[in-house]
Structure formats: C-alpha cells, structure tokens
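A quick write-up on the structure given underneath.
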Amino acid sequence: MPRWLTKPLVGDGLPRKRQLVLTIRPLLGLLWAQGSTEPSSTPPKQAELAKRLGSNSTSLSRFVSLDPRVPGQKFIESLYKEACLEAAVSGAHVGITLEALQDLRTSADGERRGCPSCVELGGRIDSLTTQLNSPTAQLNAPCPVCVTREKEREDAVALTASLRREAAELRARVQALESSEAGLQACLATAKAYRTPLPVTRQQRDRQRSQKEVAVARQLAAQASELDRTGQQDEALALLRRGTTELLSPTETALVIVELRQQKRDHLVDNLIHVYGRDQGDRPVMTVAAELYEEGVPDDAGAVLRAALK
C-alpha cells in the first residue's frame with residue numbers, strides 16, 4: 001500500500017472528515033491493489049488514480065488527509081463506482097453503500113462550513129459507522145454494480161448462443177447455395193456438350209436438339225426438386241431463376257416447367273412462371289408460351305402471358 005494512503009492522521013480536529021478519510025482510503029486501496037496485481041504492470045501512481053477519478057494528485061492528497069477540503073459529490077460517485085467494479089473482479093466487498101458514503105461526505109462538508117445540521121447528520125454517520133464495523137448480512141450483500149455486471153454477463157452469454165445458432169444456419173444455407181452453384185455448372189457443361197453439332201442430316205439434328213433440351217431441363221428440374229424436398233425452397237427458386245435466365249433457352253425453360261408439373265412441384269412452377277413472365281422480353285415469353293401449348297399445358301402457357309402483361 002502506498003504511503004500516501006497509510007500516513008497517520010495526526011490531530012483531534014475534524015472528526016467527521018476523519019471518518020470520511022478512514023472510509024475512502026480502503027476504497028482507494030482497492031483500486032491501487034487491483035492495478036498492481038495485473039500481469040506485467042507496475043503499481044499505479046497517485047496521479048494515475050486521481051486521473052481515473054476525474055481529479056488530480058494534489059486534491060487527492062487533501063481528500064485522504066485531515067486537510068479541511070472535502071471531495072465533491074462527483075468524486076464520491078466515481079470512487080464508489082470504480083471500487084465496486086474492482087470488487088466484482090476480486091470477489092471482495094466495498095463494505096459501505098453509496099448513500100452512506102454520500103452522507104459521510106455531506107457531514108464532513110457541513111463540519112468544515114460550520115453547518116448547524118451536521119450534529120444531527122453526525123448521529124446518522126455514527127450509526128452507519130457502527131453498522132460498518134459489524135459483519136451484518138446487509139454489508140455482505142453484493143453491491144448493485146456487481147449485480148448489474150452479472151446480469152450483463154448472462155445477457156452476453158445468451159446473445160453469444162443466439163449468434164452461434166444463426167451462424168450455423170447461415171453456414172447450412174451457404175452449403176446449399178454451393179450445391180446449387182455446382183448444379184448450374186453441371187447444367188452448363190451438359191449444354192456445352194450438345195452445342196457442337198454433329199455432321200448429320202436435318203432430321204437427326206432435330207432429334208439431337210430435342211435430346212439435349214430434355215436432358216438439360218430434366219437435370220435442372222431434378223436439382224430444384226431435391227432442394228425443395230429437403231425444405232430449401234428459397235434455394236430451389238434461386239436455382240431455377242438463374243438457370244432459366246443464364247443457361248437455358250426458352251424451349252428448355254418450357255420443358256423445365258412441364259417436368260416440375262409432372263413432379264407435383266406446383267409452387268415452384270407458379271413462382272417460376274411469374275418471375276419469368278415479369279422479367280423476360282416479349283420474344284422469350286412468347287416462345288415459352290408456344291412450347292407449353294405444344295406440350296399440352298395451355299393453362300401454364302396462358303399464365304406466362306398474363307405475367308408478362310402485369
């Protein structure tokens with residue numbers, strides 16, 4: 001403990017200021033002790049403690065001696081708050097309530113100014129001092145700041161658990177999107193494989209094109225259906241929208257719609273028709289409608305045209 005906190009109080013004057021000094025010295029000692037036990041640190045200097053409390057070393061020396069000057073209300077509140085924080089870390093108790101400490105300050109200040117009411121207040125101080133020297137349950141109760149810190153810690157733990165669950169859900173969605181990306185790449189590879197025409201007759205070319213269109217459409221529809229089956233409807237819709245926009249021709253898009261209808265994925269079809277009719281130009285929409293009509297689903301053909309008109 002530094003000497004400026006243990007220096008003897010010489011003289012019999014100012015009994016209320018003496019009580020205040022003997023009360024705030026242990027609180028300052030708690031701040032000094034905690035600062036000196038941190039790893040790779042030196043004990044805090046008097047000026048550092050004063051700055052922490054919004055004061056200076058000269059005033060702090062007067063506050064812990066029998067100098068008539070008394071600390072202000074703001075200093076008392078800052079000291080009590082910082083002492084409670086350090087007590088929470090070390091598991092100690094400050095040993096006094098903020099109200100009692102404020103009464104001590106008021107009594108000492110009244111003594112300095114010759115206030116007539118300090119006699120009455122002094123009686124209260126004496127009673128509180130008696131309580132302070134007795135190991136009562138009230139003094140052993142945790143200070144309000146400690147209770148607040150514990151509540152904040154519990155809230156932080158709950159928030160951390162919530163964020164971890166959210167992160168796990170996001171990772172699962174990212175994995176699903178990566179699977180969708182892989183599916184699109186596979187569709188693109190299949191489409192490229194069919195884009196180089198073979199030197200065959202016109203009838204054979206028509207048959208190859210039809211086989212290519214059916215293969216690509218079935219592959220995309222199967223991937224979207226699997227995502228939807230596993231509860232990943234948003235990912236399935238994203239796959240369909242990107243595939244029909246970036247990879248498939250209008251004819252292939254119509255085949256995807258037919259394939260999904262056959263698989264009873266009606267909600268996927270309805271969403272795809274709405275988005276395609278809304279976002280695509282007149283020519284692709286007309287082509288998709290014509291192909292759907294040829295495939296025997298005139299209701300879907302009409303739905304695409306109506307979506308384009310909205």
Side-chain angles (χ1 to χ4, degrees), residues 1-9 14-39 41 43-57 59-67 69-111 118 121-156:
M1 191 75 70
R3 176 165 174 72
W4 59 273
L5 282 178
T6 58
K7 187 176 180 180
L9 300 176
L14 303 176
R16 303 305 175 194
K17 174 62 186 295
R18 177 186 292 271
Q19 287 182 337
L20 178 61
V21 170
L22 293 177
T23 301
I24 66 176
R25 275 188 176 186
L27 302 181
L28 289 166
L30 183 60
L31 270 59
W32 181 89
Q34 286 298 108
S36 63
T37 57
E38 295 180 358
S41 65
K45 298 180 181 179
Q46 182 180 0
E48 294 173 343
L49 284 180
K51 183 178 180 181
R52 179 177 175 181
L53 298 172
S55 184
N56 56 69
S57 57
S59 296
L60 190 58
S61 295
R62 291 170 175 168
F63 296 161
V64 297
S65 68
L66 291 181
D67 185 279
R69 302 196 183 188
V70 175
Q73 189 73 22
K74 185 176 180 181
F75 176 89
I76 292 297
E77 292 175 355
S78 297
L79 173 60
Y80 188 80
K81 178 182 178 181
E82 294 295 328
C84 282
L85 292 176
E86 298 297 349
V89 174
S90 63
H93 296 290
V94 294
I96 191 172
T97 65
L98 177 59
E99 181 184 5
L101 188 60
Q102 290 171 334
D103 286 345
L104 280 171
R105 192 212 72 83
T106 302
S107 178
D109 189 49
E111 178 184 61
C118 66
L121 186 58
R124 290 184 58 194
I125 301 301
D126 292 339
S127 175
L128 290 172
T129 302
T130 301
Q131 296 179 28
L132 181 64
N133 295 328
S134 301
T136 62
Q138 180 181 0
L139 293 180
N140 289 329
C143 67
V145 175
C146 303
V147 175
T148 300
R149 284 172 63 95
E150 179 63 21
K151 180 62 168 60
E152 291 175 348
R153 187 191 68 80
E154 293 175 355
D155 291 343

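Quick note: residue numbers are just sequence positions, from 1.
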Please confirm whether the backbone N or O of [Y] pairs with a side-chain atom of [X], one donor and one acceptor, at under 3.5 Å?
X: Lys17; Y: Ser65; answer: yes
X: Arg18; Y: Leu66; answer: no
X: Arg25; Y: Val64; answer: yes
X: Tyr80; Y: Val94; answer: no

Contacts of Ser61 that satisfy side-chain contact (heavy atoms from CB on, under 4.5 Å) - sequence neighbours left out =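 Checked Ser61 against side-chain contact (heavy atoms from CB on, under 4.5 Å); matches are Gln46.
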
key: Partners passing side-chain contact (heavy atoms from CB on, under 4.5 Å) against Ser59 (at least two apart in sequence or in another chain)   =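 Only Ser55, Asn56, Phe63 meet the side-chain contact (heavy atoms from CB on, under 4.5 Å) criterion with Ser59.
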
How many angstroms lie between atom [atom1] of [X] and atom [atom2] of [Y], to the nearest 0.5 angstrom?
X: Leu85; Y: Leu31; atom1: CG; atom2: CG; result: 9.0 Å
X: Asp109; Y: Gln73; atom1: CG; atom2: CD; result: 10.0 Å
X: His93; Y: Cys84; atom1: NE2; atom2: SG; result: 11.0 Å
X: Ile96; Y: Gln102; atom1: CD1; atom2: CD; result: 10.0 Å
X: Leu5; Y: Leu49; atom1: CG; atom2: CG; result: 7.5 Å
X: Ile76; Y: Leu104; atom1: CD1; atom2: CG; result: 8.5 Å

task = Compare all side-chain heavy atoms of Val70 with those of Thr106 and state whether any distance is below 4.5 angstrom.
result = no

query = So do the side chains of Pro15 and Glu111 get within less than 4.5 Å of each other, counting heavy atoms only?
reply = yes

key: For the student: nearest non-hydrogen atoms of Ala108 and Leu20, plus distance   = CB-CD2, 4.0 Å

inquiry  = Testing the basics here: between Ala50 and Ser57, what is the closest heavy-atom pair and its distance to 0.1 Å?
reply    = CB-N, 3.7 Å

task = Count the heavy atoms belonging to other residues, nucleotides or ligands that lie under 6.0 Å from CZ of Arg62, then report whether that count exceeds 12.
result = yes

ask   = Leu101 and Ile24: side chain to side chain contact (heavy atoms under 4.5 Å, CB included), yes or no, with the steps?
value = CA-CA 8 Å; Leu101 188 60; Ile24 66 176; 3.9 Å; yes

